[in-house]
Amino acid sequence: MNDFLSEAASADLTRTPAWQALGAHHTHVRAQHLRELFAQDPQRGERLTAEAAGWYLDYSKQRVTDETLRLLLALAEQCGLPARIAAMFRGDAINTTEHRAALHTALRAPEGTQILVDGIDVVPEVHAVLRRMAAFADAVRSGAWRGHSGKRIRNIVNIGIGGSDLGPVMAYEALRHYSQRDLCCRFVSNVDATALAEATRDLDAAETLFIVCSKTFTTLETLTNAHAARAWCVAQLGDEAAVARHFVAVSTNAEGVAKFGIAPKNMFEFWDWVGGRYSMDSAIGLSLMVAIGPEQFRDMLAGFHAMDQHFQSAPLAQNLPVLIGLLAVWNTNFLGAQTQAVLPYAQYLSRFPAYLQQLTMESNGKHMTLDGARVGYATSPIVWGEPGTNGQHSFYQLLHQGTPIVPCDFIGFCQTLNPLAPDASGSDSQHNLLMANCFAQTEALAFGRTLQQVLAGGADPAVAPHRSFEGNRPSSTLLAERLTPHSLGALVALYEHSVFTQGVVWNIDSFDQWGVELGKVLAGTTAKELAALDAPQLAHDSSTNALMQRYRKLRKE
Ligand code: F6P
């Protein structure tokens, strides 16, 4: 049996005492409405809250009672969550299928902390790379780092995909307010040539720096785009030697980077104990550091670390990532929710749902337990979302009156970074409007509007049923004072640890991603067949064969 599993966790989870107790409890509370829960306890909205690292969590609009929470916390204890948290921070090889530690927390550990991997303290290495990144970022920002022809760098193009793209682009968009505005950052991920072509079409290669990010440095999309970018750069500048001033790499694979033609001094390393989707605070965040500067980047790391410390030390009942993780288990496994919406009321967080999709679904989209049995319960919900208020005018109809239950996480800030319409009291009326919508949505989802209320309002009785809202739709709200590098770091760490909490309960490996392999292997064979000039016999299924034949016929030779 795996060392990290308590005996109870390794047994079929659904037959364990804590799970059974939750199941029995659910049959008692399933019919309870949030209207009743709030009416019974006037303090509910203040009581079911928790706070850490600048974030206030209100989970009172989740469909839980004190007993639900007690039972969920008992489930966490039964699954050995405190021991698993300690094991993660200690650097144990908790990624069991890849025999590795999952030590993203070491990336933001302050200097002087000791974290051993195979007997070696990794914290000094982390800080050595951070210093190299800072020196490089400062040089680009100040203009000391020049392009091949002596021109100043004005454009940064990050080439990477998955964790080597989603984190950097999300954080760049989120912290754009803090960025040096005479530097333009773009992100190329898709192997569709359109991505690179559109990202570079108006750029001068002499002023452009490519940061090639790939943990493995073998990823098809990234290497294809990096080679194409290199050809574009060399063609514009007319000299192979230009690569040295216009390309840097971030990777764990020094050999692969050297083979591409990037010198070791232009490579920023990270380590195999950092998962791709947990890597935005490693050197993978180099483009972000160039944009916002080393000081702001360190502030972001401090935010991550503050949430790490909270996760490590706060009692489970007041622990934000634990609460969010356990609520996801309740919603998924007992209320039967299949999806989770993430709704930031902040335009700067427009890419946050996309970032969370990889973090959550690549981590917990698993069907095998740590000890190799098929799970007998649902695991990761499908995560999706859009910033508010945009979503209100597209899919919120379904959130309010559709048939599925969609638990929602609302995220907002008390202060705007762009006060366009300050009012007499000093607050910003446009921001007030934004947040009024956020709060109103949580209220409408929870309490709805009964048929009686609609009729009392004078509605046509024939239409009244269409205009009534059942309510009882669960949501949490996360509120911080202001979007800063620190609050962003804490928010990301909050979700990282909530994903881990869910994975511990579900007894799955949240740090591997074997499920992406099959598609990659099949695409390799298919690509060779599409490229072959002599049209080899196709031996796929009839659908794939027909699609490929049609493509071959219609493509431009
Ligand atoms: O294919 C999935 C994946 O391995 C992700 O886990 C990872 O973030 C992404 O590809 C990119 O990988 P790399 O950084 O090695 O290019």
Side-chain angles (χ1 to χ4, degrees), residues 54-58 156 158 165-187 189 198-199 280 285 287-288 291-293 296-297 299-300 303 340-360 383-397 399 406 408-423 426-445 475-495:
W55 282 96
Y56 174 82
L57 166 69
D58 172 355
I156 312 290
N158 189 89
D165 167 71
L166 289 163
V169 72
M170 177 278 289
Y172 170 71
E173 290 298 340
L175 300 177
R176 199 183 258 268
H177 176 80
Y178 302 88
S179 67
Q180 185 168 309
R181 299 290 184 155
D182 62 358
L183 281 171
C184 148
C185 278
R186 293 185 182 170
F187 296 82
S189 52
E198 286 293 340
M280 60 163 272
S287 54
L288 174 68
I292 65 172
Q296 303 281 12
F297 194 87
D299 195 28
M300 182 184 79
Q340 162 77 51
V342 183
L343 309 167
Y345 276 66
Q347 188 58 35
Y348 282 128
L349 290 186
S350 61
R351 296 293 288 161
F352 194 66
Y355 169 76
L356 272 194
Q357 285 182 325
Q358 188 199 14
L359 180 67
T360 310
V383 174
W384 59 284
E386 274 289 318
T389 59
N390 294 5
Q392 290 175 208
H393 300 274
S394 92
F395 54 80
Y396 277 41
Q397 164 64 37
L399 300 186
V406 183
C408 302
D409 280 359
F410 289 85
I411 301 172
F413 299 92
C414 299
Q415 295 170 18
T416 179
L417 297 172
N418 293 299
L420 291 186
D423 62 18
S427 78
D428 184 79
S429 57
Q430 196 157 337
H431 192 64
N432 288 347
L433 267 183
L434 172 72
M435 292 309 292
N437 273 280
C438 174
F439 302 139
Q441 290 297 330
T442 73
E443 200 177 352
L445 286 167
S475 73
S476 293
T477 303
L478 278 162
L479 206 56
E481 195 173 305
R482 200 175 159 84
L483 176 56
T484 61
H486 192 281
S487 60
L488 180 73
L491 181 68
V492 173
L494 167 54
Y495 277 100

Hey, could you give me the [atom1]/[atom2] distance between [X] and [Y], rounded to the nearest 0.5 Å?
X      : Y      : atom1 : atom2 : value
Ser487 : Ile411 : OG    : CD1   : 11.0 Å
Leu349 : Tyr355 : CG    : OH    : 12.0 Å
Leu166 : Met280 : CG    : CE    : 11.0 Å
Gln415 : Leu417 : CD    : CG    : 8.5 Å
Gln296 : Gln180 : CD    : CD    : 12.0 Å
Leu57  : Leu494 : CG    : CG    : 7.5 Å

For the pair [X] (side chain) and [Y] (backbone), establish whether a donor and an acceptor sit closer than 3.5 Å, ignoring hydrogens and angles.
X      : Y      : value
Thr477 : Phe410 : no
Gln357 : Val383 : yes
Arg186 : Ala199 : yes

Q | Phe413 and Trp55 aromatic ring geometry - parallel, tilted or perpendicular at 30°/60° bounds | A | perpendicular
Q: Would you please classify the geometry between the Trp384 ring and the Phe395 ring as parallel, tilted or perpendicular, with 30° and 60° separating the classes?
A: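 Phe395 vs Trp384 ring planes: perpendicular.
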(Q) As a quick check of understanding, evaluate side chain to side chain contact (heavy atoms under 4.5 Å, CB included) for Thr389 and Tyr396, giving each step before the final call. (A) CA-CA 10 Å; Thr389 59; Tyr396 277 41; over 6 Å; no
Heavy-atom closest contact ([X] atom, [Y] atom, distance):
X      : Y      : answer
Pro168 : Ser287 : CB-OG, 3.9 Å
Ile292 : Leu175 : CG2-O, 3.7 Å
Ala421 : Asp428 : N-OD1, 2.7 Å
Thr416 : Arg482 : O-NH1, 4.0 Å
Arg181 : His177 : NH2-CA, 3.4 Å
Cys185 : Ala291 : SG-CB, 4.0 Å

Q.
Holding to ring pair (Phe, Tyr, Trp, His ring centres under 6.0 Å), I want the full list of residues that pass it with Phe352, two or more places apart in sequence or in another chain.
A.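 Here the qualifying residues are Tyr495.
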Q.
Taking ring pair (Phe, Tyr, Trp, His ring centres under 6.0 Å) as the definition, give me every residue that meets it alongside Phe297, ordered by chain and number, with sequence neighbours left out.
A.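 Phe297 satisfies ring pair (Phe, Tyr, Trp, His ring centres under 6.0 Å) with no other residue.
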Q) Does the side chain to side chain contact (heavy atoms under 4.5 Å, CB included) test come out yes or no for Met300 and Val492, once each step is laid out? A) CA-CA 10 Å; Met300 182 184 79; Val492 173; over 6 Å; no
Q. Does Leu445 reach the side chain of Leu399, with side-chain heavy atoms less than 4.5 Å apart?
A.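 They are in contact (side-chain heavy atoms under 4.5 Å apart), so the answer is yes.
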Show me, pair by pair, the donor-acceptor contacts under 3.5 angstrom made by side chains of residues 434-442, not counting sequence neighbours?
from	atom 1	to	atom 2	distance (Å)
Asn437	OD1	Gln392	NE2	3.0
Asn437	ND2	Leu433	O	2.9
Gln441	OE1	His400	NE2	2.7
Thr442	OG1	Lys61	NZ	3.0
Thr442	OG1	Phe439	O	2.8

Q) Is a side-chain donor-acceptor pair under 3.5 Å present for Asp299 with Thr484? A) no
Q: Before giving the answer on side chain to side chain contact (heavy atoms under 4.5 Å, CB included), spell out for Leu356 and Gln340 the whole-Å C-alpha distance, their side-chain angles and the decisive distance to 0.1 Å.
A: CA-CA 11 Å; Leu356 272 194; Gln340 162 77 51; over 6 Å; no
